[in-house]
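This report refers to the structure that appears directly beneath it.
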Amino acid sequence: MCFGKRYEHNDQELLSLVNSAAQFDDVAAPGNPADFIPLLQYLPSRRMKVFIDYNKSFLSFLQKIVKEHYKTYEQNNIRDITDSLIEQCLEKKVEANTGTQIPKEKIVNLVNDIFGAGFDTVTTALSWSLLYLVTYPDIQKRIQKELDQTIGRERRPRLSDRGTLPYTEAFILEVFRHSSFLPFTIPHSTTKDTVLNGYYIPKDRCVFINQWQVNHDEKLWKEPETFNPERFLSAEGTKVNKEEGEKVLIFGLGKRRCIGEPIARWQVFLFLTTLLQQLEFSVCDGKKVDMTPLYGLTLRHKRCEHFQVKQRFPMKSTN
Ligand code: HEM
């Protein structure tokens with residue numbers, strides 16, 4: 001979407017970025033001691049070096065792509081998000097509306113934000129989903145039954161199917177809630193002295209939301225530690241209970257909540273339904289999945305060595 005390009009699975013440049021994304025995740029996690037004791041920023045830090053090195057290499061990867069886009073840019077053929085940003089930048093220049101103009105040098109940073117915020121998050125959501133599916137095979141079967149009955153096997157799932165698969169939707173909500181794989185929001189700062197629920201928070205204080213706590217609060221959820229998609233279904237089991245769904249906190253809150261939320265929900269839905277229509281996921285007999293989360297900017301799970309996949313029915317070309 002960002003670059004209008006599909007990378008080969010063995011593209012070395014992309015692979016090295018994907019692999020180092022995990023490192024970035026570790027060092028960028030909220031909880032860097034220097035966020036709380038500013039003096040620590042002056043001490044040498046291995047974390048900070050990894051953080052800076054990763055950003056440098058990622059920015060140079062993006063700069064190269066943005067440069068290529070500028071060279072081949074055609075006003076009447078907008079190929080992707082990068083072209084669209086270039087268009088904004090050039091168009092606004094013509095209108096000389098400097099208030100909303102995107103400066104040319106900011107394009108790389110904007111692509112960086114979209115790629116950085118939208119890549120690791122969606123892949124982590126999908127990978128937790130697969131882990132829950134192999135841990136709860138009956139839930140996997142129930143989603144596949146819903147897919148078979150509603151979509152069938154003759155065509156692939158589409159975005160327009162989303163409202164017609166309540167159990168699948170409830171499963172995704174329960175993955176978001178139970179894993180809470182983004183346990184905290186991005187750190188923000190108070191712009192003035194504030195009182196919240198009787199607590200005084202001075203101006204310029206680092207604040208962020210503990211989403212994990214909200215998603216596991218016993219006052220909000222019945223048996224919060226139990227993985228149970230049905231908690232999001234109406235009494236008859238035929239609809240998603242909207243009010244319950246809205247209680248799940250994974251995209252942040254307020255003005256700076258995730259701007260990519262709708263696209264993220266669509267992506268998770270489309271990838272999961274496409275995979276589950278065709279494939280069955282499991283772990284080798286007698287093996288158990290370790291669901292202990294590894295702490296980082298996103299909570300990851302340990303690599304699962306016993307994961308296996310098989311086709312549900314003979315391959316047919318679908319569209
Ligand atoms: C399941 C996937 C995703 C989750 C759980 C998620 C979650 C979040 C969270 C918690 C924040 C911080 C909100 C805050 O600090 O209050 C955020 C910010 C952001 N997200 Fe997402 N996100 C996801 C996918 C995406 C995608 C696909 C995109 C872009 C295509 C995206 C773009 C952004 C951007 C640009 C911000 C910064 C917004 C700002 O600072 O104003 N996210 N996201």
Side-chain angles (χ1 to χ4, degrees), residues 1-9 11 13-30 51-75 77-93 100-128 159 172 176 181-182 184-188 208-209 211 250-272 296-300:
M1 280 195 294
C2 283
F3 311 135
K5 182 174 165 185
R6 186 184 167 87
Y7 288 87
E8 291 301 324
H9 285 178
D11 183 284
E13 192 166 27
L14 192 73
L15 274 182
S16 83
L17 281 169
V18 170
N19 292 334
S20 54
Q23 263 187 332
F24 173 82
D25 205 48
D26 292 340
V27 292
F51 184 73
I52 292 169
D53 288 350
Y54 174 83
N55 278 295
K56 272 192 193 152
S57 95
F58 194 50
L59 278 177
S60 85
F61 168 76
L62 295 178
Q63 261 152 1
K64 203 172 94 192
I65 294 174
V66 173
K67 236 186 205 163
E68 281 162 11
H69 270 67
Y70 259 103
K71 269 196 218 146
T72 51
Y73 172 78
E74 285 174 42
Q75 200 184 355
N77 179 25
I78 302 302
R79 298 162 293 185
D80 49 34
I81 292 177
T82 311
D83 267 1
S84 175
L85 289 169
I86 295 174
E87 184 190 29
Q88 282 285 319
C89 167
L90 297 176
E91 255 183 28
K92 290 287 177 331
K93 210 170 234 163
T100 52
Q101 187 177 334
I102 303 175
K104 187 177 167 192
E105 63 281 3
K106 284 274 183 286
I107 289 187
V108 172
N109 300 78
L110 285 170
V111 178
N112 186 11
D113 279 351
I114 297 170
F115 200 90
F119 167 68
D120 188 45
T121 43
V122 173
T123 49
T124 306
L126 289 170
S127 124
W128 274 109
L159 291 180
I172 295 172
F176 285 167
F181 66 85
L182 249 160
F184 298 110
T185 58
I186 296 169
H188 296 287
F208 41 84
I209 304 167
Q211 306 199 112
I250 193 87
F251 293 99
L253 278 176
K255 249 199 231 178
R256 301 300 297 268
R257 70 179 287 151
C258 177
I259 199 171
E261 175 178 347
I263 202 170
R265 289 189 191 269
W266 290 117
Q267 281 185 69
V268 173
F269 168 81
L270 203 57
F271 271 103
L272 264 186
L297 186 61
T298 53
L299 294 179
R300 289 159 182 271

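Bear in mind that the values here come from a model prediction, so they are computed numbers and not experimental data.
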Margin query: Show, in sequence, the C-alpha distance, side-chain angles and deciding distance for Thr185 and Arg256, and conclude whether the side chain to side chain donor-acceptor pair (under 3.5 Å) test is met.
Written below: CA-CA 10 Å; Thr185 58; Arg256 301 300 297 268; over 6 Å; no
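- By the side chain to side chain donor-acceptor pair (under 3.5 Å) test, Ser60 is found to be paired with no residue, residues two or more places apart in sequence or in another chain being considered.
- Phe208 approaches Ile186 most closely through the heavy-atom pair CB-O, 3.8 Å.
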Would you give me the side-chain donor-acceptor pairs under 3.5 Å for residues 258-266, sequence neighbours excluded?
from	atom 1	to	atom 2	distance (Å)
Glu261	OE1	Arg257	NE	3.3
Glu261	OE1	Arg257	NH2	2.5
Glu261	OE2	Arg265	NE	3.1
Glu261	OE2	Arg265	NH2	2.9

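- No more than 12 heavy atoms of other residues, nucleotides or ligands shown are found within 6.0 angstrom of CZ on Phe271.
- Under the side chain to side chain contact (heavy atoms under 4.5 Å, CB included) criterion, Leu85 pairs with Ile81, Ile102, Ile107, Leu110, Val111, sequence neighbours left out.
- For the atom pair OH of Tyr73 and OG1 of Thr82, the computed distance is 12.0 Å after rounding to the nearest 0.5 Å.
- In this structure, Ile86 CD1 and Gln88 CD are separated by 11.5 Å, a value rounded to the nearest 0.5 Å.
- Taking each heavy atom of Gln63 and Val108 in turn, the nearest pair found is CG-CG2, 3.9 Å.
- Ile172 approaches Phe269 most closely through the heavy-atom pair CD1-CA, 3.9 Å.
- Side-chain contact check for Phe119 versus Ile114: every heavy-atom pair is 4.5 Å or farther apart.
- Residues meeting the ring pair (Phe, Tyr, Trp, His ring centres under 6.0 Å) test with Tyr7, sequence neighbours left out: none.
- Closest of all the heavy-atom pairs between Cys89 and Pro103 is SG-C, 4.4 Å.
- Under 4.0 Å is where a charged nitrogen must lie from a carboxylate oxygen, and between Asp113 and Lys106 no such pair does.
- Residue Gln75 places its CD atom among 12 or fewer non-hydrogen atoms of other residues, nucleotides or ligands, all under 6.0 Å distant.
- The shortest distance between side-chain heavy atoms of Asp80 and His69 falls below 4.5 Å.
- Atom CG of Leu253 and atom CD1 of Ile209 lie 4.0 Å apart (nearest 0.5 Å).
- Annotation: side chain to side chain donor-acceptor pair (under 3.5 Å) contacts of Asn109 (sequence neighbours excluded): none.
- To the nearest 0.5 angstrom, His188 atom NE2 is 11.5 Å from Lys255 atom NZ.
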Note to self: Please determine whether side-chain contact (heavy atoms from CB on, under 4.5 Å) holds for the pair Thr72 and Arg79, giving the CA-CA distance in whole Å, both sets of side-chain angles, and the decisive distance to 0.1 Å.
What the structure shows: CA-CA 10 Å; Thr72 51; Arg79 298 162 293 185; 3.0 Å; yes
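- Scanning both residues, Thr124 and Thr298, for their nearest heavy atoms gives OG1-OG1, 3.8 Å.
- Contact of the Leu59 side chain with the Asn112 side chain is registered, since non-hydrogen atoms from C-beta on lie closer than 4.5 Å.
- Between atom CZ of residue Arg300 and atom CZ of residue Phe181 there is a gap of 11.0 Å, rounded to the nearest 0.5 Å.
- Formation of a donor-acceptor pair under 3.5 Å by the Gln211 side chain with backbone atoms of Gly252 is found in this model.
- Between Ser84 and Ile78, the shortest heavy-atom distance links the atoms N-CG2, 3.8 Å.
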Item checked: side-chain contact (heavy atoms from CB on, under 4.5 Å) assessment of Ile52 paired with Lys56 -> CA-CA 6 Å; Ile52 292 169; Lys56 272 192 193 152; 4.1 Å; yes
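- For Phe176, the ring pair (Phe, Tyr, Trp, His ring centres under 6.0 Å) partners two or more places apart in sequence, or in a different chain, are Phe251.
- For the pair Lys71/Lys67, no side-chain contact is recorded, criterion being any heavy-atom separation below 4.5 Å from C-beta on.
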